[in-house]
Structures are given as C-alpha cells and as structure tokens.
Amino acid sequence: MGTKKMRNSLRSYLKWPLILGLLLIVLNIHIYTLNITIGIYVSVYTCVFYILAFLLYFAKRRSITKNIISYAVKFSEASHNIADTMEIPICIISGDLACLWNNNKFEELFSSQFSSDFTITDAVPEITEKTMPTAENPVGHVHFSSNDFSYHAIIKYLELDKDDESKIFNKKNKNAIIPKKLENNIFIIYMYDETDFIRVQKENFEQRLDVGLLYIDNYEESIENADDVRKAMLVAMIDSNITKYLLEYDAIIRKLEKDKYIFMIQHKYLSMMQADKFSILEDIKAINAANADETNVTISIGIGSQTETYRKRQDYARSAIDLALGRGGDQVVIKTKDNTLYYGGKSVEQEKNTRVKARVKAHALRDSIELSDRVIIMGHHMPDVDVLGSALGIYRIAADLGKNARIVVGSVSTALAPLIDLFKNNSEYPSDLFLSQGQAEEYVGNGAGVLLVIVDVNRPSRTDAPELIERASTVVVIDHHRQTDEVVKNATLSYVEPFASSACEMVAEIVQYSGEEVRLRTLEADALYSGIMVDTNNFMNKPGVRTFEAVAFLRRCGAEIMRIRKMFRTDIREYKIQAEAVRNMHLFMDSYAIAPCHIEGFPDPTIVGSKIANTFLDIQGVKASFVLTPYDKKIYISARSIDELNVQLVMERLGGGGHINMAGAQLSDCTLEEGAQMIKDVLLEMKKDGEID
C-alpha cells in the first residue's frame, strides 16, 4: 500500500507541467489579439512545451518513479542499518510492553538471553507500566543500574491510527520489512550511559566542604584552674588530639580562641566520622582519666552540611554547636536542611562554677521586663512544682519592678493544689494570679508590650499554651532540660543550662542578680525550694555546688523544710499504687526495670509514675527504670537512671527527651504492653549499636 501511494503522488507531480501549460495557451490567445505574428511564434513554443511535457509524463514517468522508489528503499535500509548499529541502545515496544524491535546494542546489553518474544520489564525491571508516559505527558524518564553501569532511559509516547499499518523490523531478518498490525500507541526507548556523569556528580558532592565548630566545654573548670605546668601539658595534649584526629580526615583547621576551633572537611569524610562515632569525644575525655581529682575535659562539635552555600553551612554549624552545648555538651550535632543527627552525649553535664552567665542573663531579663507593659509566665503542659516555683520567682521579679504579671496554669494536679491554694487565698497576691489558657489569651490580647517568660521547658509543642508564643512581642526561655531540634524560634533571650538541677535553681540565681529591690517572700521561697527538692528527688539526683548555694539563699529568704515536707506527703492511695507497680516490675536484660502503672481515676498519674521510677533506682543492679502510665488516651513514660545509662537518648528515639538521668516520652495509639515492648526494642537496638553495655 505504501508503494501505491508513492506512485500516485509521483503521477500527480508529473501532471503539473501539463496543467500549467494551460496558462501558456491563455497567454497565447491574448497575444493574438495584440499581434498575430508574435502570437504565431508563441504558439510554436507552446506546442514544443506540450510535446516535451507529454514525453516526460509518458516516456520518463516509469523511470523516474523507479529511481525515486529505489532511492527511498535504499535510504530506508541505510537508516535501518544505522539505527541497528548505533552505539545507543534503542528499542520499540507496544502498549502492552512487548518488545517489537531493538537494535544490536540493546540486544547486547539487555536482551541477549531472551528469545524473540519478551517484554521490556523482562530486560529492564525498572521500566514498568507505572513508569510509562501517557498522551498527557508524552516523555518519561527512568534511571537504573545494570552490570555496574548507570543508564538514563528516555521513553517517548507515539500515538497511531487504529487502522494504520506500520513497518517494523523482522527480528529474524533485520534487512527485511514486514507490515504488522499495532495497537493505537507505541513507545520508543533510548538508553544513555550516564555512569561517568553520576561518578562525577558523586565526586563533586563528596568533595563539597562541610563546616564544623569544635568547642572545649569546660575549659575554665578543667584547665585554667590547674598549675602552670599541668595547664601547659593539658592544652598541648588537647590540641594535639584534636589536630591529629581532624588531619586524619584531611581537614582544614583554625584555632579561633583558646577553647574554640573551626574546621572544614570534604563531605565524603563525614560518613567515616559517623561510622567511627566520633572517637575524638572519648579520646579527649581520656586525657584526665588518670586524675580522679580533676574534672574530665569534654568537647562539643557542631557540623553544618548539605546546604547550597558555605555561609549557610556555617550558620548550620553555629546552630548545631549551640544545640550540642544546650544539651549538656560532650557530643556531636550534625545539622542539615532536612535532619539533625546526634552522637555522644553520654557524660553527665559538667556544672559551671562561674556565675557570670547567670548574672548576664539576669540583667538581660530585667531589661526585658522593664521594657514590657505586662508579663505572662508559662511552663510545660501538666505543670509540676518546678514550673510553679520558677514561675513564682519570675513573678516576684516582675512585681517588684512594678509590672503586672500572671502565671498560666492549664491543669492543677492534686500534688500542686496545696501550694497553689496558699497563693489563691492570700490577699498579698492578685485573685487572678493563675490564669487558664483561655484567660491567658484574653490577657495577652494582640501581644503588644507583652513579655512571655517560658520556664522549665524549651520545646514549643510541650508548653501549656503554644499559641501565646507567636502572639507575645517578646519571648524569654529559662530551662534546664537538654535542647532538641525543636526550639522557640522567636526567643529574644534563651537561658538553657542542662547541668542545673531544676528551673527553680536557675531562677533562684537570677533573683539574686535582679537588683536590690527584688526580695522573695516566704511562700515564694518555699515554692522554689520545693521545686529543687522534687526535681532532685530530695537532693539525690544531680545536685551540684550551685544547687546547695541556691538552697542556702532560699533558706535565708525564709524557706522552711518542715513546712514543705508536710505539704508534699504521700497520699495512702498513691502509696498503694506504688506498691502494686513494684510488684508488677520485671528486669529486662537483668539491668533495666520496666513496670506498668495501672492508675484508674487517680488525678496525678504521671507524677506518681515518676516517683515510682525514682524508687526503682534504689534496687541494686538496676541501671535505669521505665514506668508506663496510661493517661488521657496516651501512654506516658517516666525514665530514670543514676549514671550508667543516658535515658534521654532512649526517650528521644521514642519522640521524647529530657536529661541524661531523667527523661520522658508520650506514646499514642498503643497499649501498656506495646509501649513496654517499644522500650525493649530501643534498648536492644542501642546495645547492638554499642551505645550501651
């Protein structure tokens, strides 16, 4: 049918001289009207033109047609041979993915093991119906690997008429052409070898420089207080270890200050450091290991990676080092645009002997209060004594500076109620000192001139009223929990000290530097003292020198231990619940106490759970305890340890956080048994990774 069409087309082309000759006849007639002699000459030429045109049409038509068809066939065969011998793999497939034709290169690379009938998915499993283009998107792309080579397949969609007969190569004789009925569409696939491109792209990615900051956490405490000889030796050993470690990874290092370094490494070495789990952390801590009377030196590292510009990577490195220090130091934080990774963090936070930072933060807080019109103080959801005590300390600073201040208390537990009642029924305090969430929103209004002070929490989602953070014109954060990658982004002042025993301890120090006009009252001192006592488990959990100094200050302000002890005595029902939890406790891996705490109708289940977790630490051989408490359609986990397990790392894997020896998490849509199994799975995973013994 194709040859017949070609013949008809040629015949129509050869007729055109005869048709155009009619114009000459018309012209000849017109000339006769003007001049007969000239008309005769034109008639002669017209006759000659028609004789030649007829000879061309009848005598040469067959020869011309034969030559043109012969050329077309040879051209088609040449095109087919070129396509067949091209170094680019090419194939044509039908709508059902059956291969209709492929060239030699495609057969050599992908289909040599198949018979004449196979689908493209057999040859290239990555190309399936889902990856095929459509009429709306006629070009598709598939990247795949085969035999250590990488390929880029470009798939083009071609739509045919249903009755069209297309010429397809015969697989047995590729020089012959046979007609074959097709579906209404076919696909042409071109394969390009992109192995070198991907290799160069990978090399370029691996050679990109990541920016890192390395800080010595406790330089003053561990080095500057040593004698001159010891100090020089320590500085040399630390500098030598840091330099040696980084040079192993071909790093560029520069010492910024006596305790700060900046370095840059190729990205390919970062994965090696991660696989090594940043052994420099342990190497530095080992420097003072032989001297039990000296504080071990620890370092923190922040690395910015996988961003477009070096400036952005430096900004990420700064954020990462701040996060590492905010979590207590002795760890590495890697920050990318998509993720934040943590390594280390096994050491107990080193207490800072200097109070310079507390004094600076106190002055900054005072300035913020004086510049505001109103102050509102907020803690975490389900506030405890540490929240209330620290909030009352901030209230006293604001009140003595002549500012109206209020405290957000979303829910009041039975443990907290006696302390709150002392203030509600006291004429020295405003009747609306404690506000609910709705009342707090009304108090803040549009936020103009409002200072929001967040205490005992640094994660916005865990606060009692997260929406207030965006509405307040100024935000201050005061907390002792380790930071995560969720932070209060618009905080003008952030004072986070993981080494502190409690937020009350931090606020007690701030009060001392807030000015002579600020004077704690007896009830406020009791509240701050209570917060320290509860968070340290009666001074058994990470109290430091500054903890007892804060307690001494509160005692001078009128805090009375006997009055506080009577206020927080255990209810008989709570005591029985604790006893039942102890009976149901079992040891996992002979070291980790895990217990469900079945509390139905008890008003303060999470507080009871934390007390039970503290109790388990008194059992010999228990490295850490985990108590699971159902409450408000969730499972609350209270995790505690002394110094043999960083429970914060365990809880972070479950979406929670906290301190190295006091942390927690909340689980949704699971039972107590499922929650216990999740804890076991995390412990087994950490043991497998070498993070626990």
Please check if the side chain of E486 supplies one atom and the backbone of S461 the other of a donor-acceptor pair under 3.5 Å. yes

Could you check whether any side-chain heavy atom of F263 comes within less than 4.5 Å of a side-chain heavy atom of I301, counting everything from C-beta outward? yes

Could you walk me through whether Q677 and D681 pass side-chain hydrogen bond (donor to acceptor under 3.5 Å, both in side chains), step by step? CA-CA 6 Å; Q677 186 59 49; D681 292 342; 2.9 Å; yes

Do any N or O atoms from the side chain of T340 and from the backbone of T336 form a donor-acceptor pair under 3.5 angstrom? no

dist I284:CD1 -> L214:CG (nearest 0.5 Å) comes out at 7.5 Å

All heavy atoms of C670 vs all of L667, minimum pair found to be SG-CB, 3.6 Å

Crowding at NZ, K105 (>12 non-hydrogen neighbours, <6.0 Å): yes

Do I303 and F278 touch side chain to side chain, with heavy atoms closer than 4.5 Å? yes

Are side-chain N/O atoms of S279 and D276 paired as donor and acceptor at under 3.5 Å? yes

Sub-4.5 Å side-chain heavy-atom contact between I216 and I238: yes

Spell out, as yes or no, whether a donor-acceptor pair under 3.5 Å connects the side chain of T463 to the backbone of R459. no

Taking atom NZ as the centre, does K156 end up with more than 12 heavy-atom neighbours from other residues, nucleotides or ligands that are less than 6.0 angstrom away? no

Sequence neighbours excluded, the answer for ring pair (Phe, Tyr, Trp, His ring centres under 6.0 Å) partners of F187 is Y157

Without hydrogens or angle criteria, can the side chains of D193 and T195 be said to hold a donor-acceptor pair below 3.5 Å? yes

Can a side-chain donor-acceptor contact be found between H143 and E194 if the only test is distance below 3.5 angstrom? yes

Quick check: closest heavy atoms across S319 and K335, and the distance to 0.1 Å? CB-CD, 3.8 Å

Report yes or no: does N103 contribute a side-chain atom to a donor-acceptor pair with the main-chain N or O of I90 at less than 3.5 Å? yes

How close do L97 and T121 get, heavy atom to heavy atom, and via which atoms? CD1-OG1, 3.7 Å

Do any side-chain atoms of residues 239-250 form donor-acceptor pairs under 3.5 angstrom with protein atoms, and if so which ones, sequence neighbours left out?
{"from": "D239", "atom 1": "OD1", "to": "Y261", "atom 2": "OH", "distance (Å)": "2.7"}
{"from": "N241", "atom 1": "ND2", "to": "M237", "atom 2": "O", "distance (Å)": "2.7"}
{"from": "T243", "atom 1": "OG1", "to": "D239", "atom 2": "O", "distance (Å)": "2.8"}

Considering residues at least two apart in sequence or located in another chain, which fulfil the side-chain hydrogen bond (donor to acceptor under 3.5 Å, both in side chains) criterion with K680? H586

If you define the side chain from C-beta out and look only at heavy atoms, does anything of M378 sit under 4.5 Å from V455? no

Separation between CD of Q266 and CG of L209, rounded to the nearest 0.5 Å: 6.5 Å

Residues S305 and D210: side-chain donor-acceptor under 3.5 angstrom: yes

Contact summary for L281 and G344, nearest pair of heavy atoms: CD1-CA, 4.0 Å

Side chain S150, main chain S145, donor-acceptor under 3.5 Å: no

Looking at S638 and A613, what are the two nearest heavy atoms and their distance? O-CB, 3.8 Å

Does the side chain of S625 come within less than 4.5 Å of Y592's, by heavy atoms? no

Cation-pi between R208 and F205: NZ/CZ under 6.0 Å from ring centre and within 45° of the ring axis? no

Side-chain heavy atoms of K337 within contact of E308, under 4.5 Å: yes

Candidate pair N661 and S641, rule side-chain hydrogen bond (donor to acceptor under 3.5 Å, both in side chains), full reasoning: CA-CA 5 Å; N661 49 15; S641 69; 5.7 Å; no

Where does the angle between the aromatic ring planes of H481 and H380 fall among parallel (under 30°), tilted (30 to 60°) and perpendicular (over 60°)? perpendicular

Look only at the side chain of E674 and the backbone of T671, and say whether a donor-acceptor pair between them is shorter than 3.5 Å. yes

Please assess V647 against R640 for the test side chain to side chain contact (heavy atoms under 4.5 Å, CB included), listing each intermediate value before the final yes or no. CA-CA 7 Å; V647 291; R640 300 290 186 271; over 6 Å; no

Least distance between heavy atoms, G379 atom then V457 atom: C-CG1, 3.9 Å

Taking only residues two or more places apart in sequence or in another chain, which ones pass side-chain hydrogen bond (donor to acceptor under 3.5 Å, both in side chains) with D122? T119

Taking the inter-plane angle between the rings of Y151 and F144 on a 0 to 90° scale, is it parallel (under 30°), tilted (30 to 60°) or perpendicular (over 60°)? parallel

Can you check whether C91's main-chain N or O pairs, donor with acceptor, with N102's side chain at less than 3.5 Å? no

side-chain hydrogen bond (donor to acceptor under 3.5 Å, both in side chains) filter on Q201, not counting sequence neighbours, yields none

Keeping the roles fixed (side chain from R313, backbone from V211), state whether a donor-acceptor pair exists under 3.5 Å. no

Heavy-atom side-chain proximity of V332 to Y342 below 4.5 angstrom: no

With a 4.5 Å cut-off on side-chain heavy atoms, are L213 and K260 touching? no

Roughly how far apart are Q306 CD and N339 CG, rounded to 0.5 Å? 9.0 Å

For salt bridge (charged side-chain N to carboxylate O under 4.0 Å, His left out), just list the numbers for K312 and D315, CA-CA rounded to whole Å, side-chain angles, deciding distance to a tenth of an Å, and then say yes or no. CA-CA 5 Å; K312 192 68 174 177; D315 292 341; 5.5 Å; no

R653 and E685: CA distance, side-chain angles, deciding distance, salt bridge (charged side-chain N to carboxylate O under 4.0 Å, His left out) verdict: CA-CA 10 Å; R653 297 197 181 198; E685 183 180 347; 3.2 Å; yes

Quick one: do D479 and I454 satisfy side chain to side chain contact (heavy atoms under 4.5 Å, CB included)? Show the steps, please. CA-CA 8 Å; D479 187 28; I454 301 173; over 6 Å; no

Can you sort out the partners of S112 under side-chain hydrogen bond (donor to acceptor under 3.5 Å, both in side chains), two or more places apart, ordered by chain and number? none

Are Q331 and S300 linked by a side-chain donor-acceptor pair shorter than 3.5 Å? no

Would K623 and M589 count as a side chain to side chain contact (heavy atoms under 4.5 Å, CB included) if you check the C-alpha gap in whole Å, the side-chain angles of each, and the deciding distance to 0.1 Å? CA-CA 10 Å; K623 295 180 179 180; M589 296 168 60; over 6 Å; no

Any donor-acceptor pair under 3.5 Å from D217 side chain to D330 backbone: yes

Run E652 and Q648 through side-chain hydrogen bond (donor to acceptor under 3.5 Å, both in side chains) and show every step you take. CA-CA 6 Å; E652 282 184 341; Q648 183 207 8; 2.9 Å; yes

Count the heavy atoms of every other residue, nucleotide or ligand shown that sit under 6.0 Å from CD of E129, and state whether that count exceeds 12. no

Can you measure from CZ (R230) to CG (L234) and round to the nearest 0.5 angstrom? 4.0 Å

Would the F110 and F106 ring centres measure less than 6.0 Å apart? yes

